[in-house]
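Structure first, then comments.
When a ligand or atom number is given, it counts from 1 through the structure's own listing order.
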Amino acid sequence: MPANLREAWLLGSVEVPTRLVLAPMAGVSVQAFRRQGRRFGAGLVCSEMVSAAGIEHRNEKTFGYLRVASDEHPLAIQIFGAEPRAMADAARLVEAAGADVVDMNFGCPVRKVTKTGAGAHLMVDHELASRVVDAVASAVSVPVTVKMRRGVENGSRAFLELAPRLVAAGAQALTLHPRSAQQMYTGEADHALTAELVEAVDVPVIASGDITSREKALEVLETTGCAAVMVARGAQGNPWALREILEGGDFRPTREEVAAELIVFVREAVRELGEQRAVGFLKKFYGWYLGHGRFPKPFKQELVQLPTTEEVVTRLYAAAPGAAEIVERLEAELPAAEDEVLLDRLPISVYGGG
Ligand SMILES: Cc1cc2nc3c(=O)[nH]c(=O)nc-3n(C[C@H](O)[C@H](O)[C@H](O)COP(=O)(O)O)c2cc1C
């Protein structure tokens, strides 16, 4: 029977309404990205990796990653670290912040992370990896999950040995990005390995890597038996790809729709990060949104040069006046800010104050 992307599935106790998951991406998966992903059909969205050490030290910027809005659910917040106690503490805070799932990062290949024993290093140290999962699973009542690579070295099959141990330690779903850490993002994701993982464990498996079309999504679902597929780079500045994958058909946006989504995204990013950080953060998004032949190249260059986001919004309206009506509709649909769980409203015992 052909796979059905619109079918709900269970991740532990959490019902996920579709088989499409929006990936965690550092420097990308802000709240604006996640809530847009939900709007375009992702059944589950995920925060970028959040440092357990940052949470432990009550780092203000780290806490900013834990802002959860009412229209994001179901939402996974991903944490990284190598110290079981710190990871358990971080997980408790993440649960209190409103996450439906606590995800752990065992795949980050960046040296700054692996040299601390975290990220992809945990694909090597299976004993520590199991203790981390055990500590996190024991600390919270929401489901906990792990996102892995195949291993560190090219050709590694470490995931296959590690996965059953993680499940025994309490992981209720596993995501596999079947590249080695050494590969970074080169070569192809080998989803034959995803099929092996599905065979090896009795929890849902989410397949990550090179899912950029409906055809590929269906192929991976059907050939691997995974519970869901995850989209990362394909959704950068392109939420329409999610809808296309989910529903089939041609959802290429008009210039007005592109401008409107970008304007809402810019405003949301400013609200979330503040103007100063948002200016730098947003630059990469201009290329992602305006590419695909949607706007002429020099227009992107122009936006990147503008010193304030207000000027960016003004310029976008000038280029696509019809966007105003769409922006108005999109903003009317956003939940009120009071619906957000903010950490300064958490009970003081959880917040760690005093
Ligand atoms: C810019 C960027 C940042 C990423 N950050 C994270 C992260 O914070 N946590 C994580 O588990 N994976 C992260 N990833 C990996 C993606 O979630 C995904 O597994 C990978 O990009 C393969 O999927 P794709 O081919 O759909 O891009 C990141 C990928 C990119 C491109």
Side-chain angles (χ1 to χ4, degrees), residues 19-31 33-34 37 42 44-52 54 61-62 65-66 75-81 87 90 94 99 101-114 116 118-123 129 132 144-152 159 166 171 173-191 193-194 197 205-217 219-221 224 226 228-239 241-242 244-245 281-285 287-288:
R19 294 183 180 266
L20 190 58
V21 178
L22 188 62
M25 281 185 280
V28 177
S29 300
V30 292
Q31 187 181 69
F33 185 75
R34 303 189 306 254
L44 177 69
V45 296
C46 192
S47 77
E48 67 181 85
M49 52 193 270
V50 183
S51 159
K61 190 173 157 197
T62 307
Y65 295 131
L66 305 183
L75 160 82
I77 290 185
Q78 186 185 69
I79 53 176
F80 74 97
M87 286 288 275
V94 158
V101 173
V102 178
D103 186 45
M104 285 165 268
N105 181 312
F106 286 12
C108 180
V110 176
R111 173 131 178 86
K112 198 172 113 188
V113 171
T114 55
T116 67
H121 177 76
L122 290 164
M123 298 301 301
V132 166
V144 306
T145 57
V146 177
K147 183 162 176 286
M148 305 181 284
R149 286 204 176 219
R150 64 180 295 169
V152 170
F159 73 99
L166 302 182
L174 298 171
T175 302
L176 180 65
H177 175 201
R179 285 187 173 91
S180 69
Q182 222 173 39
Q183 261 183 294
M184 303 292 278
Y185 296 94
T186 61
E188 264 180 51
D190 181 0
H191 286 295
L193 302 179
T194 310
L197 179 62
V205 169
I206 302 170
S208 170
D210 304 338
I211 310 287
T212 50
S213 66
R214 178 172 169 85
E215 200 185 1
K216 180 76 180 181
E219 181 206 311
V220 170
L221 274 173
T224 68
C226 66
V229 290
M230 178 180 266
V231 179
R233 289 167 295 177
Q236 291 172 335
N238 199 11
L242 297 174
E244 222 166 275
I245 290 172
F281 166 82
L282 285 164
K283 285 189 198 292
K284 55 186 178 286
F285 284 88
W288 289 339

### Query
Can Gly27 be said to touch ligand 1, with heavy atoms closer than 4.0 Å?
no
### Message
Quick check on Tyr185 - does any of its heavy atoms sit under 4.0 Å from an atom of ligand 1?
### Response
yes
Compare [options] and give the one whose heavy atom is closest to [atom].
{"atom": "atom 1 (C) of ligand 1", "options": "Ala120, Ala26, Gly234", "result": "Ala26"}
{"atom": "atom 16 (C) of ligand 1", "options": "His177, Met230, Lys147", "result": "Lys147"}
{"atom": "atom 17 (O) of ligand 1", "options": "Cys46, Pro24, Ala232, Ala189", "result": "Pro24"}

Can you tell me how far the [atom1] atom of [X] sits from the [atom2] atom of [Y], to the nearest 0.5 Å?
{"X": "Cys108", "Y": "His177", "atom1": "SG", "atom2": "NE2", "result": "12.0 Å"}
{"X": "Thr194", "Y": "Leu174", "atom1": "OG1", "atom2": "CG", "result": "11.5 Å"}
{"X": "Cys46", "Y": "Lys147", "atom1": "SG", "atom2": "NZ", "result": "8.0 Å"}
{"X": "Arg150", "Y": "Phe159", "atom1": "CZ", "atom2": "CZ", "result": "6.5 Å"}

Quick one: look up the protein heavy atom nearest [atom] and list residue, atom name and how far away it is.
{"atom": "atom 9 (N) of ligand 1", "result": "Gln78 OE1, 2.7 Å"}
{"atom": "atom 8 (O) of ligand 1", "result": "Met49 CG, 3.1 Å"}
{"atom": "atom 27 (O) of ligand 1", "result": "Arg233 NE, 2.6 Å"}

### Query
Looking at side-chain heavy atoms only, is the closest gap between Arg233 and Asp210 below 4.5 Å?
yes
#### Entry: pair Thr175-Met230: side-chain heavy atoms closer than 4.5 Å
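With C-beta onward as the side chain, the pair touches.
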### Query
Is the charged tip of Arg149 near the ring of Tyr185: under 6.0 Å from the six-membered ring centre and within 45° of its axis?
yes
Counting from 1, what ligand 1 atoms have a heavy atom of [X] closer than 4.0 Å?
{"X": "Asp210", "value": "24 (P), 25 (O), 26 (O)"}
{"X": "Ala23", "value": "17 (O)"}
{"X": "Asn105", "value": "9 (N), 10 (C), 11 (O)"}
{"X": "Ser208", "value": "18 (C), 19 (O), 22 (C), 23 (O)"}

### Query
Between Phe285 and Trp288, how do the two ring planes meet: parallel, tilted or perpendicular, split at 30° and 60°?
perpendicular
